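Read through the structure below, which is laid out as structure tokens, and then see the notes.
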Amino acid sequence: MSNKYETLFTPVKIGPVTAPNRFFQVPHCTGMGHLRPKADAATRAIKAEGGWGVVSTQETEIHPSSDLTPYPEQRIWDERDIPALRLVTDSVHKHGSLAAIELAHNGNHAINQLTRAPILGVNEMSADILSPRQARQMDKSDIKNLRYWHRMAARRAKEAGFDIVYAYAGHHMTLAHQFLLPNVNDRMDEYGGKLENRVRLIKELIEETKEEVGDKCAVAFRFAVDEVKGADGMQAREEGRAVVEMLAELPDLWDVNVSDWSNDSVTSRFEPNEGYQTSYIDFVKSVTSKPVVAVGRFTSPDLMASLVNKGIVDFIGAARPSIADPFLPMKIKEGRFEDIRECIGCNICVASDNLAIPIRCTQNPTMGEEWRRGWHPEKIQRKGSEESALVVGSGPAGLECAMQLERRGYKVTLAEANEEYGGRVLSESRLKGLNAWRRVADYRIRYLQQSANVDLFLDSRLTAENVLELGVKNVFLATGSKWRSDGVGRSNRKTLRVQPAKNIFTPDDIMGGALPKSAQLVIYDDDQIYLGGVLADHLSDLGFDIVFVTPANNVSPWCENTLEQHRIQRSLINKNIDLKFGYVISEISEDRVEFECNYTGKKLDVTTQSVLLVTERHREISLYEDLMKLVSEKDSQKFFLKLVGDAAAPGLIADAVFDGHLAARNFERDDGEVEKEFYNREIISLK
Ligand code: ADP
Ligand code: SF4
């Protein structure tokens, strides 16, 4: 290890425990939690194995009145939750790391859909999640109960083997945070009003947690020092700092960030810089002698070392970088910097939590599959009896498939029709805000270019005859997909009536460099995921006067899941893009596009010379079909042909990477074994 990074590997004392190094996986959700305890423990174990000195759970409900159903976060309602939590602590301890648990009572953020318990709030208030049920203001006995529940949860956490127990006031998501916030807490009693009063609850929770478990466990305080709302909220230089001053020496560790979640886990599309939270939290260490951890999508070892050396933090906190590369600490330790799979800040991992499904990651296809499929990010089964394989197409699916086949020991040939590798990753990364997405291609291209066992060919559009001439009998077709230009999409299954001269564009045209000649442009977004909104933003910057029409009720509705929707809509509004919601396209003629209202059928005519249709994709499978025709029934038994990625089923880049990985892992494996994994799930015991 270079001396430069030695500082990152020195142990740090946190109250009664000692972390083996300065890599701290802060609490993050996995979409597995209490519903899938074995899978959750396996994910955490991989982090510890990869060198994270501290590995934390996701937020952990302390009581049935903090029931986050249907989201499978962690749960510690009573002693029956202890065995599942012990799976986590045992698996983390096995690798010499510390296990941390984030205790939470979510107040009006938990709408108690399973337990039907009353929703508790700092005040009388609506629930934080759209629900007809409101929260009631907690009275003195509720507060007393809350303190008791927190204390009992801490006791159980200690019994489950945790080394660090969190009190959590962040993301606007917990009562402890809501009590602190001047723009939320309007109580008139000793828990409301001046800051000394608003801080009372969290102070009591930290004190009581220390009393209960402080002999053996460190007590961490996760606190959002700034709401990123300027004077309308708590600010780091004012009340945020005052809170740290008041409680400076009380917790054993400060885990500081900004709120809400969309600011803390902001995407690279809206915040490209690593370390984007540093200017908010850099005062904390000057106020407390206790160790400090902070996050900021850190992937650069130099920045990490400099933050520690400058005394800004004691620990490098990470959620997303630890998801994209659970072995990041070990790779730094071993000087394998080029092997680091850097997070691209796309928030597909965050979307999984918002969709209440197991975690997925664009960069790391093994994430969330550690238990279910037994996947390890750094290990892969050796090859079978076949020697070589051909991969056609170098988008995310082709690159990942080729890389994993090489790791298994096959000799790989990769052919790409274009002049550059990367497929859709490259084209999309050239659009506004998506530059960091290039990392998906760069990481894999670098790997493949360094391997003696891989032959790479650009400018090589293969025909079926070419493939057969090559004499390779194992062929993976990652030939991608193309956007449709006929208007068919989720809201309209009929091909549009179009007059021939019309200037119709698809996202592929725009990303390929073809731009409309007219200044005015209609963008019709029936995809409703992210690309329509990105293209509107991008083309508006290029000077187009845009009318954005969608059958949805807002812009890029799926991006609620990535915590971006409000930023996207704000950006388009600020650019004076004319937004029209609830309209389905019906006709394109010489100088206008006609739409029909989703609800009433009423017509809307927009005058324009050009229209960009963001609707659906067709798979690029002509090569597959040609090969199927050429290979006779007899030969097909000796010929392995597989469609992967968007050519198999269009989806996210994350889906393409996953499918490329899956195809490579499953090549030459027993079908029965593969099938068995498909059905793997944690069955509820009926005992
Ligand atoms: P995916 O997301 O599934 O990886 P992409 O659309 O990103 O798919 O990438 C598909 C890649 O395959 C593109 O770069 C395209 O140029 C390439 N390609 C498609 N057909 C051929 C072919 N016949 N020969 C070589 N490359 C091809
Ligand atoms: Fe990073 Fe995207 Fe992976 Fe999340 S899904 S860890 S944001 S690369």
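Order of appearance sets the numbers: ligands from 1, and atoms from 1 within every ligand. Side chains are part of it too, since the values below use all heavy atoms of this structure and drop only hydrogens, waters and symmetry mates. Remember, it's a predicted structure, so these values are computed and weren't measured experimentally.
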Open item on the list: Taking 2.8 Å as the limit, list every protein N, O or S atom around atom 2 (Fe) of ligand 2, by chain and residue number.
Closed with: Cys346 SG
Task: Among Phe298, Phe315, Trp52, the one residue meeting ring pair (Phe, Tyr, Trp, His ring centres under 6.0 Å) with Phe24 - done: Phe315
Open item on the list: Tell me whether Asp646 is salt-bridged to Arg617, with the criterion being a basic N under 4.0 Å from an acidic carboxylate O.
Closed with: yes
Task: Any Arg669 side-chain heavy atom under 4.5 Å of Asn666 side chain - done: yes
Any protein N or O within less than 3.5 Å of an N or O in ligand 1? List each pair with its distance, or say none.
| residue | atom | partner | partner atom | Å |
| --- | --- | --- | --- | --- |
| ligand 1 | 2 (O) | Asp646 | OD2 | 2.4 |
| ligand 1 | 3 (O) | Asp646 | N | 2.7 |
| ligand 1 | 4 (O) | Pro396 | N | 3.1 |
| ligand 1 | 4 (O) | Ala397 | N | 2.9 |
| ligand 1 | 7 (O) | Arg424 | N | 2.7 |
| ligand 1 | 12 (O) | Ala478 | O | 3.3 |
| ligand 1 | 14 (O) | Glu416 | OE1 | 2.8 |
| ligand 1 | 14 (O) | Glu416 | OE2 | 3.0 |
| ligand 1 | 16 (O) | Glu416 | OE2 | 2.6 |
| ligand 1 | 16 (O) | Asn418 | ND2 | 3.3 |
| ligand 1 | 23 (N) | Leu462 | O | 3.0 |
| ligand 1 | 24 (N) | Leu462 | N | 3.0 |
| ligand 1 | 26 (N) | Ala417 | N | 3.0 |

- [ ] Measure from the ring center of His661 to the ring center of Trp375 and say whether it is less than 6.0 Å.
- [x] yes
TODO: Check for a donor-acceptor pair, side chain of Glu274 on one end and backbone N or O of Thr299 on the other, with a separation under 3.5 Å.
DONE: yes
Open item on the list: What verdict does the salt bridge (charged side-chain N to carboxylate O under 4.0 Å, His left out) test give for Lys331 and Asp339, after you've listed the backbone C-alpha separation in whole Å, the side-chain angles of each residue and the deciding distance to 0.1 Å?
Closed with: CA-CA 7 Å; Lys331 288 175 184 176; Asp339 289 351; 5.9 Å; no
Task: Non-hydrogen atoms of Pro326 and Asn364 that approach each other most closely - done: CD-ND2, 3.5 Å
Task: Straight-line distance of Ile164 CD1 to Tyr166 OH, nearest 0.5 Å - done: 7.0 Å
- [ ] Please check if atom CD in Glu419 has more than 12 non-hydrogen atoms from other residues, nucleotides or ligands closer than 6.0 Å.
- [x] no
